[in-house]
Amino acid sequence: MEFHRFFFYASIILSISVYLFPIMANSMGINYGQIADNLPSPEDVVPIVKSIGATKVKLYDADPKVLKAFANTGVEFIVGLGNEYLDKMRDPAKAQAWVKENVQSHLPATKITCIFVGNEVLTFNDTSLSSSLLPAMQSVHTALVNLGLDKQVTVTTAHSLSILETSYPPSSGAFREDLVDCLSETLSFHQKTGSPFLINAYPFFAYKGNPKQVPLDFVLFQPNQGVIDPATNLHYDNMLYAQIDAVYNALASLGYKKLAVHISETGWPSKGDEDEVGATADNAKKYNGNLIKLMSKKTGTPMRPNSDLNIYVFALFNENMKPGPTSERNYGLFKPDGAPAYSLGISSTSNVAGSNTTTGGTNGKPLSPIPTPPSTPTSSSTGYLSISPATQERYEFAGTVLLTALILTKMLLW
């Protein structure tokens, strides 16, 4: 590495460390998307990842340059097989060839621990994709077994939160009826192979969709009254935890109470279009800064207080070639030149919601936050995942129904 480039990145890392090192979580994960033409080389990304204390990285492909750059660093990797590969991966021979080239060849120097096959497949309303998902996962797992790698590398897939039919209150969390059969087969695979259930959760979309109804402090982990789940009497003071517990409950309703849940994507954009309410650097700083603070505590959600939060922040860099609204290109903690997109401005423990997940009521009447409407998929190995107009209409209808129910609930509470 040239001296001037080394000095540049070293100075950036030193300044970042002042903000981040005191509070980093040992289990912090970061999404490393590369839909851009101006990102640093993978070799230069290594010290940036280490500077934020991330020990896990999620790729949307199996970029050999990245995997080689991170060899012998101890950083764990989830590598991805894009939706465009699902049909091909149904063939066991092709799956084994892919695993040999993209996973086995990098082990053990690079610590690849998981392969996620497909991203938010079940919410595309594409039967060819959904019907290929489980067979592709099975073929990739079989390849790992044949190569003697199944004990160190698991196989999973990432889901959008819109696979839920209901998410509020968390105790009523349930999967969409039209997806239950498909999900049940996938969940059985997870249970048999010991792989985690991945979910992408974005409280940002809830606030963006209903800024007058959704309390901003509730989605940003700021101090607030929170809400009580009437069925469990559990107190929630941030939306992400409520979303996660809704997923836990949906899994339990199908008999998978002990299945591990990992948050494969969550984040907040630092910039957006005029109609993207809440997409500001200040809100991104609060969301990601407070989230990282909570992760460092190694505590779980109100429903699962003893379960570690395995969360992958989205994303490492702003990506200038992602299509869609301005927010899509501004989720990064860093700019392409390696400078922070904003200071995380970590607040003290007492000022972070979720640091004390107790049960019971609060002084005064609890708020009734709007649950997140099913979110628009935001990333993949092939770019922005737009949803069909028909799907968008269904999302809007569902959001209207939930909003009406919550307004009535709020009236009753008062």
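Checked against the 6.0 Å centroid criterion, the rings of Y202 and F205 qualify as a close aromatic pair.
Annotation: ring pair (Phe, Tyr, Trp, His ring centres under 6.0 Å) contacts of F77 (sequence neighbours excluded): F70. For Y256, there are no ring pair (Phe, Tyr, Trp, His ring centres under 6.0 Å) partners two or more places apart in sequence or in a different chain. T113 pairs by the side-chain contact (heavy atoms from CB on, under 4.5 Å) definition with E76, K111, not counting sequence neighbours. Remark: H262 pairs with no residue by the ring pair (Phe, Tyr, Trp, His ring centres under 6.0 Å) rule, at least two apart or across chains. The side-chain contact (heavy atoms from CB on, under 4.5 Å) test applied to K271 returns T326, N330, not counting sequence neighbours.
Looking at S171 and D229, their side chains do bring a donor and an acceptor atom within 3.5 Å of each other. No hydrogens or angles considered: nothing links the side chains of Y32 and D63 as a donor-acceptor pair under 3.5 Å. Between the side chains of Y236 and T301, no donor N or O sits under 3.5 Å from an acceptor N or O.
A donor-acceptor pair is defined here as one N or O able to donate and one able to accept, closer than 3.5 Å; such a pair exists between the side chain of T266 and the backbone of A201. A donor-acceptor pair is defined here as one N or O able to donate and one able to accept, closer than 3.5 Å; such a pair exists between the side chain of D91 and the backbone of A93. In this structure a side-chain-to-backbone donor-acceptor pair under 3.5 Å is missing from T166 to Y168. The closest donor-acceptor contact from the side chain of T123 to the backbone of I163 lies at 3.5 Å or more, if one exists at all. Within the 3.5 Å criterion, the main-chain N or O of D273 finds a donor-acceptor partner in the side chain of E276. A distance-only check finds no donor-acceptor pair linking the side chain of T154 to the backbone of D150 [under 3.5 Å]. Using modelled atom types, no side-chain atom of D245 and backbone atom of P170 make a donor-acceptor pair closer than 3.5 Å. Between the N224 side chain and the Q222 main chain, a donor and an acceptor come within less than 3.5 Å of each other.
Looking at L251 and V247, their side chains come closer than 4.5 Å, going by heavy atoms from C-beta outward. A 4.5 Å side-chain heavy-atom check between L309 and I244 finds at least one atom pair inside the cut-off. Two residues are said to be in side-chain contact when any heavy atoms from C-beta on lie closer than 4.5 Å; F317 and I48 meet this criterion. Looking at Y342 and N288, their side chains come closer than 4.5 Å, going by heavy atoms from C-beta outward. Using a 4.5 Å cut-off on side-chain heavy atoms (C-beta onward), V57 and V49 make contact. Counting heavy atoms from C-beta on, the side chains of D237 and D217 never come closer than 4.5 Å. Side chains of N72 and T110 form no contact here, defined as non-hydrogen atoms less than 4.5 Å apart. A 4.5 Å side-chain heavy-atom check between E328 and P325 finds at least one atom pair inside the cut-off.
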Show me the donor-acceptor pairs, under 3.5 Å and distance only, between side chains in residues 131-138 and residues at least two apart or in other chains.
| unit_1 | atom_1 | unit_2 | atom_2 | d |
| --- | --- | --- | --- | --- |
| S131 | OG | T127 | O | 2.8 |
| S131 | OG | S128 | O | 3.2 |
| S132 | OG | R90 | NH1 | 3.3 |
| S132 | OG | S128 | O | 2.9 |

Quick one, H190 with S195, criterion side chain to side chain donor-acceptor pair (under 3.5 Å). Give me CA distance, side-chain angles, the key distance, then yes/no.
CA-CA 5 Å; H190 287 310; S195 59; 2.7 Å; yes
Side chain to side chain donor-acceptor pair (under 3.5 Å) between N83 and N119, worked out
CA-CA 6 Å; N83 296 349; N119 191 36; over 6 Å; no
Side chain to side chain contact (heavy atoms under 4.5 Å, CB included) between L240 and I311, intermediate numbers included
CA-CA 11 Å; L240 182 64; I311 296 177; 4.3 Å; yes
Stepwise side chain to side chain contact (heavy atoms under 4.5 Å, CB included) check, R304 with V261:
CA-CA 11 Å; R304 297 282 184 86; V261 174; 5.9 Å; no
Dump the intermediate steps for side chain to side chain donor-acceptor pair (under 3.5 Å) on N31 and Y331, then the final yes or no.
CA-CA 10 Å; N31 281 276; Y331 272 90; over 6 Å; no
Quick one, K285 with N290, criterion side chain to side chain donor-acceptor pair (under 3.5 Å). Give me CA distance, side-chain angles, the key distance, then yes/no.
CA-CA 8 Å; K285 174 180 69 175; N290 287 335; over 6 Å; no
Show your working on side chain to side chain contact (heavy atoms under 4.5 Å, CB included) between L67 and N102 and close with a plain yes or no.
CA-CA 9 Å; L67 295 175; N102 295 282; 5.9 Å; no
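Of all the heavy atoms in I52 and M28, the pair that sits closest is O-SD, 3.7 Å. Nearest heavy-atom pair, T299 versus Y241, reported as atom, atom and distance to 0.1 Å: O-OH, 4.4 Å. Nearest heavy-atom pair, L107 versus V153, reported as atom, atom and distance to 0.1 Å: CD1-CG2, 4.3 Å. When all heavy atoms of L259 and Y248 are compared, the pair lying nearest together is O-CE2, 4.3 Å. Considering all non-hydrogen atoms of both residues, I30 and Y312 come closest at N-CD2, 3.7 Å. Nearest heavy atom pair, residue G332 against residue N318, reads N-OD1, 2.8 Å.
In Q152, the CD atom is crowded: over 12 heavy atoms of neighbouring residues, nucleotides or ligands sit closer than 6.0 Å.
Between H141 and F189, the angle of the ring planes goes over 60°, which puts this pair in the perpendicular group of the 30/60° scheme.
Note on D178 versus R176: salt bridge recorded, some NZ/NE/NH1/NH2 to OD/OE distance being below 4.0 Å. The existence of a salt bridge linking R329 and E319 is excluded, since no basic side-chain nitrogen approaches an acidic carboxylate oxygen closer than 4.0 Å.
Going from atom CG of L316 over to atom NZ of K58 covers 12.5 Å, rounded to the nearest 0.5 Å. Here L122 contributes atom CG and T157 contributes atom OG1; the two are 7.0 Å apart, rounded to the nearest 0.5 Å. To the nearest 0.5 angstrom, S264 atom OG is 8.0 Å from E120 atom CD.
The one candidate from F175, F124, F197, F116 that meets the ring-ring contact (aromatic ring centres under 6.0 Å, His included) condition with H159 is F197.
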